[in-house]
2 protein chains.
Amino acid sequence: MKQFMNSKDALVTEAIDGLVRSAGGALARLDGFPHIKVVVRADWDRARDGARVALVSGGGSGHEPSHAGFVGRGMLTAAVCGDVFASPSVDAVLAGILAVTGKAGCLLIVKNYTGDRLNFGLAAERARAFGLKVAMVVVDDDVALPDLPQARGVAGTLFVHKIAGALAEQGADLETVAAAAQAVIRGTVSIGMSLDTCTVPGSPKEDRIGQGKAELGLGIHGEAGVEQVDFTGARAAMGMVVDRLLPHVGSSDHVALLNNLGATTPLEMSVLAEELARSALGGRINWIIGPAALMTSLDMHGFSVSLLPVTAEQVEALAAPVAPPAWPGLAGLGEVTIRPLPDGLSPIQPEPSGHPARRALLERCCTALMAIEGDLNALDAKSGDGDTGSTLAGAARALLARLDRLPLADQTQLFRAVGMELSQTMGGSSGVLLAIFFAAAGDASASGKDWIGALSAGLTRVMQVGGAKLGDRTMIDALAPALLALPSGLGAAAAAARKGAEATAQMTRAKAGRASYLTADKLAGHNDPGAEGVARLFERLAAGA
Amino acid sequence: MKQFMNSKDALVTEAIDGLVRSAGGALARLDGFPHIKVVVRADWDRARDGARVALVSGGGSGHEPSHAGFVGRGMLTAAVCGDVFASPSVDAVLAGILAVTGKAGCLLIVKNYTGDRLNFGLAAERARAFGLKVAMVVVDDDVALPDLPQARGVAGTLFVHKIAGALAEQGADLETVAAAAQAVIRGTVSIGMSLDTCTVPGSPKEDRIGQGKAELGLGIHGEAGVEQVDFTGARAAMGMVVDRLLPHVGSSDHVALLNNLGATTPLEMSVLAEELARSALGGRINWIIGPAALMTSLDMHGFSVSLLPVTAEQVEALAAPVAPPAWPGLAGLGEVTIRPLPDGLSPIQPEPSGHPARRALLERCCTALMAIEGDLNALDAKSGDGDTGSTLAGAARALLARLDRLPLADQTQLFRAVGMELSQTMGGSSGVLLAIFFAAAGDASASGKDWIGALSAGLTRVMQVGGAKLGDRTMIDALAPALLALPSGLGAAAAAARKGAEATAQMTRAKAGRASYLTADKLAGHNDPGAEGVARLFERLAAGA
């Protein structure tokens, strides 16, 4: 068993209970398990509400959300569920009819399979013997088998549910609702394609469709497609589907229903929607329902397209709001609305300006970082990939080369420019983190912080974004105490940074960054190279001051 | 390639265009393909609407409908999409922020992955440099890895989108929206389980999870679960998930979010909903979102459960209507509402009554059918399974045995009783069709038709329900002309039936019933056994009359 079920026999009844229970009181089921599996609108009282036409549909299970998922105001009044891919019994259908049908009567919406036709047909007879008005329509939208007059009923059935449902909700009489349903059936055509077969619970999976192949014109009960075709991609696949539909389609406005047969990902379904819109049919499709799972075939990796040429009244009926959350709504299918990119993506180049003291400090920092490159690489090699020194030195070299173009006289702009520079020249997470550090320092500076306060604000933001705290064995363990001590001078800062860096050698469980994937014995006794770099930098600055 | 796409590189951009195009004008995208993939509300003008807080989320693709599918009134203002399972770039996030953020600022909702944190974090800094108010929250709801302080962000993110979205829609300021989001994040816990790995486009499928195994505590990027467990069914599976959640859950009211990770069928998801409700957690879950695909992992055959302890205000925010059709809504999780079966399923036994002429006719019919059993079986064996004679003779024997209990004096009740009898004693389609024939004859009789008219009405209904027409090589080809000739007497009817039966030998393309699956050479030259049976019956009745 590779399915989330408890047993094949309990699958449908447990699923129905789960559905009913999760519907917030909108659904109920009849007390006939396991033989009679009927889901009804909980708010429907046939004595009170039966002045409107009831809609009853159903068939074998395995096509969810069809049909129980479409029970609710504006769609079905009751759904009669068989076992997986098996028609419900006459008694079950009769129970569904009797449970919801009032004086306005009911319309049975049946997909064109012999079992369903017969069982719904006989149940209709029995219900008529009670004096109920019962009409029945048979949906036969599948164009896969052009020579068979008995076309199968597939996802186009949803057009019937929705349009008949809207009319019934408005209070149309049975004759009107049935005629409207029949008109929809006459107009609807569908065809499906799949890359794999479905997995029938309790049966071994059939491995019928080879690599590079797809089945075109398949049914929804695991039956083989009319033909196996070469599969070369979404565009060609949709092209074949459209080719089969085109002979049946006039030049009027159409609604398309793009149905996920089960296990197709939303990404793929959206690509298929795009291909449908770009296809030879695209210009005739004004509205779309989906892409969504509407009439599935268990976990089939496939899709189907249904088309209905529509009148304004039918569009209105398809667009009417309904209660079942499984109904995705009707939307216009149009061009892709494209907005221009906003201004500001190319950062404004700040006006270069001079400030000898800041320039000297920056130069000293860069020189210091370049000087410790080899030591830091060696330290990093003990617990990482040995490039911490090179990463920092590379950034220092790039910054030195840019000194003439930096806005040195404007502290806010300078922080931001350094951040921008580092994000462009340093690779990986460390570059982004240092860019965030200086950018946040720039923000704080703009709000009036002095340079130490600004750098502290930068540190706070880096900790927030990066998710590292003191004690996590990162450069923060040296930088945080250094910034705290900085008001007392560079010497104090250097001492604090050194103490912090030494402490990281005892932190054997890194909680952030790459070192978090290493075991304690790889870390013990070595300072974190980032923290060591900060300590060395402050020590060199203090020594030179 | 076993996916409906055109190329790995175009997958996400084409899917975005398909989504935008199918949204009926509700969505737009920025003009930055392929590097910048940002979907925005088409109705949102940052100058006009930016007095409300904008919500920006995103991350790698492959989690649809997250996040682009949740862009719309009441949820996200923009979604920034990376390639499959890859964080979007800083520029892409910045473009998203700048495109929608007005004077009220924006909230970035980020799942806890290093790439997302850093790229969203740096983009936030850049946006702040433009003077925009930007807050950022990081969702870390996954409890699969209890020792890692950096928990992953998974489907619980949807709670944040929805609650923050409702507040933003109501006009709450950025501080309020961010605090509400943070409160949701503190409360949310999630864990997932899968029966199979996902198929990453362009990569071979990893076959990591063996038969009878499941992965518990998996991530949404194909990374392995925390442990492989034995899979014995839906109940035990949900039990393990609930066990991992229980230590994190208090006794207050909770909302559960039941997420389909991709390829799990709706049937399975409903069974899982049922198991969740019945689990040790069930009593603490008052509301449910889903089951639905909310945060998928491509086509993963799995599910996740997210829990949020809620205040009344949060419930209200979760229940508020929104524009994106992918949001399934909030529903109460309660008991299964069970309605009693309707009266009328056990057919009323008619009062037996006598009518010598009808009794004699019925006896002659039954005797005739029993007499031709062997001949019809032999004929059927040439094109079928050789049981037509036995099926009809068996029904005749059963009817004969019931003669004393039939309401012979009441034509309407008699037709109905014969139909009921045949539906109970004849197997398969033929039994149901004959039951429909007699039941419909009963209906027609009740509306005042004489017996020939009633039988004709029965025939019309059988043709409608069974979908067979004259010329389709069925018993109708003999029965229809016989009933038409019957007013002229049994001899005329027999002659007409015979002519009709003989004509079926030339009908080499059966269009209904089982014979429709046979080739012409199997049918040519043999009468249809059903039609032959009707002809023989009328011939015997005529001979005996």
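Naming convention: chains lettered A, B, ... in sequence-line order (proteins, then strands); numbering from 1 in each chain. On a predicted model such as this, the values are computed, not experimentally measured, just so you know.
Contacts between A:M238 and chain B at a heavy-atom distance below 4.5 Å are absent for every atom of the residue. Neither the backbone nor the side chain of B:H63 comes within contact range of chain A; no heavy atom of the residue lies under 4.5 Å from a heavy atom of that chain. When heavy atoms are compared at a cutoff of 4.5 Å, B:I36 approaches chain A solely by way of its side chain, counted from C-beta outward. For A:L30, the parts lying under 4.5 angstrom from a heavy atom of chain B are both the backbone and the side chain. Of the atoms belonging to A:L276, not a single heavy atom falls under 4.5 Å from chain B. Looking at B:L122, the atoms closer than 4.5 Å to chain A (heavy atoms on both sides) sit in the backbone and in the side chain alike. With a 4.5 angstrom heavy-atom cutoff, A:P291 touches chain B only via side-chain atoms. In this structure, the portion of B:R416 lying under 4.5 Å from any heavy atom of chain A is its side chain and not its backbone. Interface remark: A:V38 contributes no atoms to any contact with chain B (heavy atom separation under 4.5 Å). Neither the backbone nor the side chain of B:V90 comes within contact range of chain A, judged by heavy atoms closer than 4.5 Å. Looking at B:V138, there are no atoms closer than 4.5 Å to chain A (heavy atoms on both sides), in backbone or side chain. Contacts of A:S22 with chain B are made by both backbone and side-chain atoms, with heavy-atom separations under 4.5 Å. Only the side chain of B:A237 comes within less than 4.5 Å of a heavy atom in chain A; its backbone stays farther off. Only the side chain of A:L272 comes within contact range of chain B, judged by heavy atoms closer than 4.5 Å. Only the side chain of A:V40 comes within contact range of chain B, with heavy atoms under 4.5 Å apart. For B:V110, no part lies near chain A; criterion is any non-hydrogen pair under 4.5 Å. Of the two parts of B:D343, only the backbone, made up of N, CA, C and O, holds a non-hydrogen atom closer than 4.5 Å to a non-hydrogen atom of chain A.
The heavy-atom pair separating A:G18 from B:E274 by the smallest distance is N-OE1, 3.3 Å. A:S423 and B:R126 get closest at one heavy-atom pair: OG-NH2, 2.9 Å. Among all heavy-atom pairs drawn from A:L341 and B:A95, the shortest one is CD2-CB, 4.3 Å. Closest approach of A:P328 to B:P325, counting heavy atoms only: O-CB, 3.6 Å.
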**OP:** Run the numbers on A:L267 and B:V84 for side-chain contact (heavy atoms from CB on, under 4.5 Å), then give the verdict.
**Re:** CA-CA 10 Å; A:L267 270 180; B:V84 170; 4.0 Å; yes

**OP:** Take B:M5 and A:E268 through the side-chain contact (heavy atoms from CB on, under 4.5 Å) test and state the conclusion after the steps.
**Re:** CA-CA 6 Å; B:M5 59 182 190; A:E268 294 169 280; 5.5 Å; no

**OP:** Could you give me the CA-CA distance, side-chain angles and deciding distance for A:R235 and B:E14, then say whether salt bridge (charged side-chain N to carboxylate O under 4.0 Å, His left out) is met?
**Re:** CA-CA 11 Å; A:R235 185 157 310 154; B:E14 290 182 350; 3.4 Å; yes

**OP:** Walk me through it: do A:T337 and B:R21 pass the test side-chain hydrogen bond (donor to acceptor under 3.5 Å, both in side chains)?
**Re:** CA-CA 7 Å; A:T337 310; B:R21 201 195 276 283; over 6 Å; no

**OP:** For A:M269 and B:E64, run side-chain contact (heavy atoms from CB on, under 4.5 Å): C-alpha distance rounded to whole Å, both residues' side-chain angles, the deciding distance at 0.1 Å, then the answer.
**Re:** CA-CA 10 Å; A:M269 290 306 301; B:E64 295 68 26; over 6 Å; no

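With sequence neighbours excluded, the residues that form a side chain to side chain contact (heavy atoms under 4.5 Å, CB included) with A:D299 are A:C198, A:T199, A:A263, B:T265.
Within the 3.5 Å criterion, the main-chain N or O of A:D196 finds no donor-acceptor partner in the side chain of B:K2. Proximity of a side-chain donor or acceptor of B:R339 to a complementary backbone N or O of A:A42 within less than 3.5 Å is detected. Here the side chain of B:N6 pairs a donor or acceptor atom with the backbone of A:A234 at under 3.5 angstrom. Looking only at distances, a side-chain donor or acceptor of A:R117 sits under 3.5 Å from a matching main-chain atom of B:Q464.
Contact tally against chain A (heavy-atom pairs below 4.5 Å) for B:L333, B:I288, B:L118: the top residue is B:L118. With chain B as the partner, the residue from A:L94, A:D17, A:D91 showing the most heavy-atom pairs under 4.5 Å is A:D17. Ranked by non-hydrogen atom pairs under 4.5 Å with chain A, the options B:A273, B:A326, B:P266 are led by B:P266. For chain A, the option among B:T13, B:L98, B:I289 with the highest count of heavy-atom pairs below 4.5 Å is B:L98. No other option in A:M136, A:R46, A:H301, A:K213 has as many heavy-atom pairs under 4.5 Å with chain B as A:H301. Listed options A:A446, A:A331, A:A15 were ranked by heavy-atom pairs under 4.5 angstrom with chain B; first place goes to A:A15. Your options are A:G121, A:G442, A:A439, A:G334, and the one with the most heavy-atom pairs under 4.5 Å with chain B is A:G334. When each of B:V271, B:V20, B:V462, B:N260 is checked for heavy-atom pairs under 4.5 Å with chain A, B:V271 comes out on top. Of all the listed residues (A:G115, A:A28, A:G419), the one sharing the greatest number of non-hydrogen pairs under 4.5 Å with chain B is A:A28. Chain B forms the most heavy-atom pairs under 4.5 Å with one residue out of A:I338, A:N119, A:L433, and that residue is A:I338.
Here CZ of B:F4 is found 5.5 Å from OG1 of A:T264. Values are rounded to the nearest 0.5 Å. To the nearest 0.5 angstrom, A:Q3 atom CD is 8.5 Å from B:F231 atom CZ.
A heavy-atom distance below 4.5 Å is found between the side chains of A:S429 and B:T114.
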